[in-house]
Amino acid sequence: MMKKLKENQRFRLTLLLMLMTCFCFALSIFRFYISNTKVFLFLNWNLFLAWIPFLVSSFLIISKNKSKILLDIAVVVWVFFFPNSPYILTDLFHLKTRSLVPIWYDLMVILSFAWTGLFCGFISLMDIEKLLSDYVKTSTINYFGIIFLFMSGFGVYLGRFLRWNSWDILNNPLGLFQDIFIRIIYPAEHPKTWGITILMGILLNFMYLMIKCLKSDSKVKTTLEN
């Protein structure tokens, strides 16, 4: 049983993400210990939110119940929480020289959290694309991934600059949709919105495609070896 688990790619991947998460937590706790300040403890909450899309997609991958209704509900939850994964990249805004803790340590803290959160998101996106392949064409899925990552760039903007979060879809949906609607109807009046959305979308697409290429190369190598 243990041998099968060790050979299971999903198990290894989840274990690595858990270990990396523990590493991130340890970095933040050590920083709190040596500085007695809570400056970067919030990153743990951000990383927890970034884990949600991964947990949702993992549940669907592992679950034997692949009903259309369950898939639809899970995808909706996943869509609203996915932007939390790339959002941690923008926590680099908090990087500055502080007393007691050297800036290079803070850089390692933020980068560790950002990479872990982003990887959780990308793996979950691969999961969703795999699940959707049972219902739609591959070309449609590819377009979905590209467009969705641009939408995620917009979500990152909403979170970082307008301070909206995933819970606001329930807490204050009217205010959230009003901010979104205004920026869609009057794009010329919000160049910052679309500048960030487009550039973040391009960045996320390049990063995601690179990871997918590595995964594809790994599969081809495994097939050739067998």
Side-chain angles (χ1 to χ4, degrees), residues 13-32 35 37-58 77-98 101-128 145-146 148-169 171 176 192-193 195-212 214:
L13 181 61
T14 304
L15 181 60
L16 283 172
L17 280 173
M18 291 174 65
L19 290 173
M20 188 63 187
T21 299
C22 290
F23 174 68
C24 292
F25 179 70
L27 287 176
S28 66
I29 292 299
F30 181 71
R31 191 193 188 287
F32 171 71
S35 67
T37 60
K38 300 179 181 179
V39 174
F40 287 132
L41 289 182
F42 71 89
L43 288 172
N44 291 287
W45 173 250
N46 288 352
L47 186 55
F48 166 75
L49 294 177
W51 262 85
I52 292 179
F54 177 77
L55 294 175
V56 170
S57 65
S58 295
V77 174
W78 177 82
V79 165
F80 286 123
F81 279 92
F82 180 89
N84 291 294
S85 297
Y87 174 83
I88 308 181
L89 290 172
T90 65
D91 284 320
L92 283 167
F93 276 121
H94 298 290
L95 184 64
K96 62 181 180 180
T97 302
R98 293 181 171 89
V101 180
I103 192 171
W104 60 261
Y105 184 86
D106 285 346
L107 177 63
M108 293 301 105
V109 173
I110 297 174
L111 290 179
S112 297
F113 276 91
W115 169 249
T116 308
L118 189 64
F119 200 73
C120 281
F122 282 164
I123 295 300
S124 73
L125 180 53
M126 290 182 194
D127 289 341
I128 296 299
I146 293 171
F148 181 73
L149 287 174
F150 276 100
M151 292 173 60
S152 298
F154 183 69
V156 170
Y157 166 81
L158 292 175
R160 170 54 61 192
F161 296 97
L162 300 187
R163 307 311 296 166
W164 292 106
N165 60 62
S166 300
W167 310 106
D168 287 319
I169 192 67
N171 294 334
L176 174 60
K192 179 180 178 180
T193 300
I196 292 171
T197 297
I198 292 171
L199 293 178
M200 179 63 77
I202 293 173
L203 174 64
L204 292 177
N205 270 287
F206 272 124
M207 296 171 79
Y208 182 58
L209 288 174
M210 288 175 183
I211 290 179
K212 286 185 73 174
L214 287 174

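Atom set for the values below is all heavy atoms of this structure, side chains included, hydrogens, waters and symmetry mates excluded.
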Exercise. Going by the ring pair (Phe, Tyr, Trp, His ring centres under 6.0 Å) test, name the single residue among F81, F80, F82 that passes it with W78.
Key: F82
Exercise. Only counting residues at least two apart or in another chain, list the ones meeting side chain to side chain contact (heavy atoms under 4.5 Å, CB included) with N165.
Key: W167, D168
Quiz item: How long is the span from the CG atom in L204 to the CG atom in L209, to the nearest 0.5 Å?
Solution: 10.5 Å
Show the atom names and distances, to 0.1 Å, of all donor-acceptor pairs under 3.5 Å that link a side chain in residues 15-29 to residues at least two apart or in another chain.
{"residue": "T21", "atom": "OG1", "partner": "L17", "partner atom": "O", "Å": "2.7"}
{"residue": "T21", "atom": "OG1", "partner": "W51", "partner atom": "NE1", "Å": "2.9"}
{"residue": "S28", "atom": "OG", "partner": "F25", "partner atom": "O", "Å": "2.8"}
{"residue": "S28", "atom": "OG", "partner": "N44", "partner atom": "ND2", "Å": "3.0"}

Quiz item: Between atom CZ of R160 and atom CZ of F93, what is the distance when rounded to the nearest 0.5 Å?
Solution: 6.5 Å
Practice problem: Kindly give the heavy-atom pair with the smallest separation between T37 and S35, and that separation in Å. | Solution: OG1-OG, 2.8 Å
Quiz prompt | Inter-residue atom distance L49.CG - S166.OG, 0.5 Å rounding | solution = 6.5 Å
Quiz item: How far apart are the C-alpha atoms of L125 and L149, what are their side-chain angles, what is the distance that settles it, and do they pass the side chain to side chain contact (heavy atoms under 4.5 Å, CB included) test?
Solution: CA-CA 10 Å; L125 180 53; L149 287 174; 3.9 Å; yes
Practice problem: Locate the shortest heavy-atom distance separating Y87 from T90; write the atom from each residue and the value. | Solution: O-OG1, 2.6 Å
Practice problem: I would like to know whether V109 and L43 meet side chain to side chain contact (heavy atoms under 4.5 Å, CB included); could you show each step before the answer? | Solution: CA-CA 9 Å; V109 173; L43 288 172; 3.8 Å; yes
Self-check item: F42: partners by side chain to side chain contact (heavy atoms under 4.5 Å, CB included), with sequence neighbours left out
Solution: F40, N46, D91, H94
Self-check item: Atom pair CG/CG of L111 and L89 - distance to nearest 0.5 Å
Solution: 9.0 Å
Self-check item: K96 to I103 - nearest heavy-atom pair and separation
Solution: C-CD1, 3.9 Å
Quiz item: With distance as the sole criterion, is a donor-acceptor pair present between the side chains of Y157 and T193 under 3.5 Å?
Solution: yes
Quiz item: Okay, side chain of S57, backbone of I128: is any donor-acceptor separation there less than 3.5 Å?
Solution: no
Quiz item: Do the non-hydrogen side-chain atoms of L176 and I169 ever get within less than 4.5 Å of each other?
Solution: yes
Quiz item: Do V156 and I196 pass the side chain to side chain contact (heavy atoms under 4.5 Å, CB included) test, and can you show the C-alpha distance, the side-chain angles, and the key distance before you say yes or no?
Solution: CA-CA 9 Å; V156 170; I196 292 171; 5.6 Å; no
Quiz item: Is the shortest heavy-atom distance from the side chain of I88 to the side chain of I110 under 4.5 Å?
Solution: no
Quiz item: Which pair of heavy atoms, one from P53 and one from S124, lies closest together, and at what distance?
Solution: O-CB, 3.4 Å
Self-check item: Heavy-atom pair of closest approach, residues S85 and C120
Solution: OG-C, 4.5 Å
Quiz item: Hey, what do you get for CZ (R31) to CZ (R98), rounding to the nearest 0.5 Å?
Solution: 6.0 Å
Quiz prompt | Worked verdict on N205 versus F150 for side chain to side chain contact (heavy atoms under 4.5 Å, CB included) | solution = CA-CA 8 Å; N205 270 287; F150 276 100; 3.4 Å; yes
Quiz prompt | Heavy atoms of other groups near F206 CZ, more than 12 under 6.0 Å | solution = no
Quiz item: Looking only at heavy atoms, which two atoms of F54 and I123 are closest? And how far apart?
Solution: CE1-CG2, 3.6 Å
Self-check item: Heavy-atom side-chain contact between Y208 and I146 under 4.5 Å
Solution: no
Quiz item: What distance do F122 atom CZ and W115 atom CH2 have between them, rounded to the nearest 0.5 Å?
Solution: 8.0 Å
